[in-house]
Amino acid sequence: MEDIQVIESKPLLVDKDLAGLREAVQKLVIKEHDVETPYGRVHCTMKGIPKAERPFLLTMHDIGLNHKTCWDTLFNHEDMSEITQHFAVCHVDAPGQHEGANTFSTGYEYPSMDQISETLPLVLKHFGLKSFIGIGIGAGAYILTRFALDYPTMVEGLMLININPCAEGWMDWAAHRLSGLTHDLPDMLIIHLFGKEEIHHNQDLVGTYRHHIVNNMNQFNLHLFVKSYESRRDLEIERPVPGSHVRTLKCPTLLVVGDNSPAVEAVVECNTKLDPTKTTLLKMADCGGMPQVDQPAKLTEAFKYFIQGMGYMPSASMTRLVRSRTASNSSVTSFEGNRSRAQTSEGNRSRSHTADNQRSRSHTSGSVDGTATSGVDQSVPKSTEVSC
């Protein structure tokens, strides 16, 4: 019998293939969980496999939305895959707001915004995780901010869209009551979610969300969530000054608002109350009340840069955003320039991350390319404003 020699001309799997396979498997790992809390069950959707040595991404949606209608456009965008390769994502739905939610019983007392934030430690405990980077919009941004104020060690960073840190004032209350006489709940939510220009000129998008609110949301549960948000307390945050001990966010924070958003004034007001050395305000041009739907590519790029400022994803690909000091005579610089923190290896990430004062300087320095900012007193901390 003649021997036949079989030669393997190409390995079945090489390292690159294995990396791609791992990425594909991680994308397929989607599990839904109902976490028991003192305020009812909280529906969570975990995408990917959490890594013990790093935080995961946790999202919270706005009133009138659930995690799918709020975040699918952003997280399904091709540029976001570069981020989700590195981080698992947990989408948290407020009680009774998820798809197919059962109607609460008549005697059920819906949790306040503060109480919803108190469910998050149980979410972390459920998944055996210690910290997260939060992404929230509107009511969700308020809830995450409240949590970060109460549990600062559990939050490594926050991207807050349309954040309003203030309680509803009596004029807002009167306006809502008056509009409630002439508008039903879906109309009021549309006014909350979209700017006037969008409502008049982007009727397809507005119509899609109106249809979702009317046909896909549990109206009884939705009314309770809206009422809870309208009854929120003031977050009572103050901008820290040297020698003071005030209540404010301690983590890096990216504030985001579209220039046509109904929340512009509230977000700008919030920016004045946060630590300027740890806060960046991103104003998105030609954008309305939902940047994650309207301009997901730009928002993803800004979020990548934000994560890099925290010491993660040093090799992430970037293009160009423009940033400037929020001070008169400030110079305009590019996000591209001296990005020394982005050159740090993943293995050295912990050193740059734990050095809080060093991270603050690299995250909000006035000039990324290393040049001095003319006309600005360098000894006085200034908030950083980014436009794109």
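A quick note: this is a predicted structure, and the numbers were derived from the prediction, not measured. The residues of the chain are indexed from 1 along the displayed sequence.
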- prompt: Can you say whether the rings of H91 and H67 are parallel (under 30°), tilted (30 to 60°) or perpendicular (over 60°)?
  reply: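 Answer is parallel, since the angle falls under 30°.
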query: Which class fits the ring pair Y110 and Y108: parallel under 30°, tilted 30 to 60°, perpendicular over 60°?
result: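 Because their plane-to-plane angle is over 60°, the rings of Y110 and Y108 count as perpendicular.
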- prompt: Can you get from F220 to V226 by hopping between Ile, Leu, Val, Met, Phe, Trp and Tyr side chains that sit under 4.5 Å apart?
  reply: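 Yes, F220 connects to V226 through the hydrophobic network.
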task: Quick one: do E238 and K273 satisfy salt bridge (charged side-chain N to carboxylate O under 4.0 Å, His left out)? Show the steps, please.
output: CA-CA 5 Å; E238 296 180 42; K273 297 181 177 183; over 6 Å; no
message: Applying the side-chain contact (heavy atoms from CB on, under 4.5 Å) criterion to C270, which one of V257, I163, T253 satisfies it?
response: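 Single pass found, and it is I163.
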task: Supply the atom-to-atom distance F147 CZ to L149 CG, rounded to the nearest 0.5 angstrom.
output: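 Rounded to the nearest 0.5 Å, the CZ-CG separation comes out at 11.0 Å.
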query: Just by distance, with hydrogens left out, do H61 and N66 show a side-chain donor and acceptor under 3.5 Å apart?
result: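 Absent: no donor and acceptor within the cut-off.
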For H223, all residues meeting ring pair (Phe, Tyr, Trp, His ring centres under 6.0 Å), sequence neighbours excluded: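 H223: no ring pair (Phe, Tyr, Trp, His ring centres under 6.0 Å) contacts found.
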- request: Keeping to residues at least two apart or across chains, list the salt bridge (charged side-chain N to carboxylate O under 4.0 Å, His left out) pairs with something in residues 62-79.
  value: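 Checked against salt bridge (charged side-chain N to carboxylate O under 4.0 Å, His left out) - neighbours excluded - the pairs reaching residues 62-79 are K68-E99.
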query: Please, which pairs that meet salt bridge (charged side-chain N to carboxylate O under 4.0 Å, His left out) have at least one residue in residues 106-134, sequence neighbours excluded?
result: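 Sorted pair list: D114-R146, D114-R233.
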Main-chain N/O of C166 paired with R232 side-chain donor or acceptor, under 3.5 Å: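 Yes, the answer is positive, given that a donor and an acceptor are paired below the 3.5 Å cut-off.
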- prompt: Mind checking whether F132 and F127 have ring centres under 6.0 Å apart?
  reply: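 Between F132 and F127, the centre distance exceeds or equals 6.0 Å.
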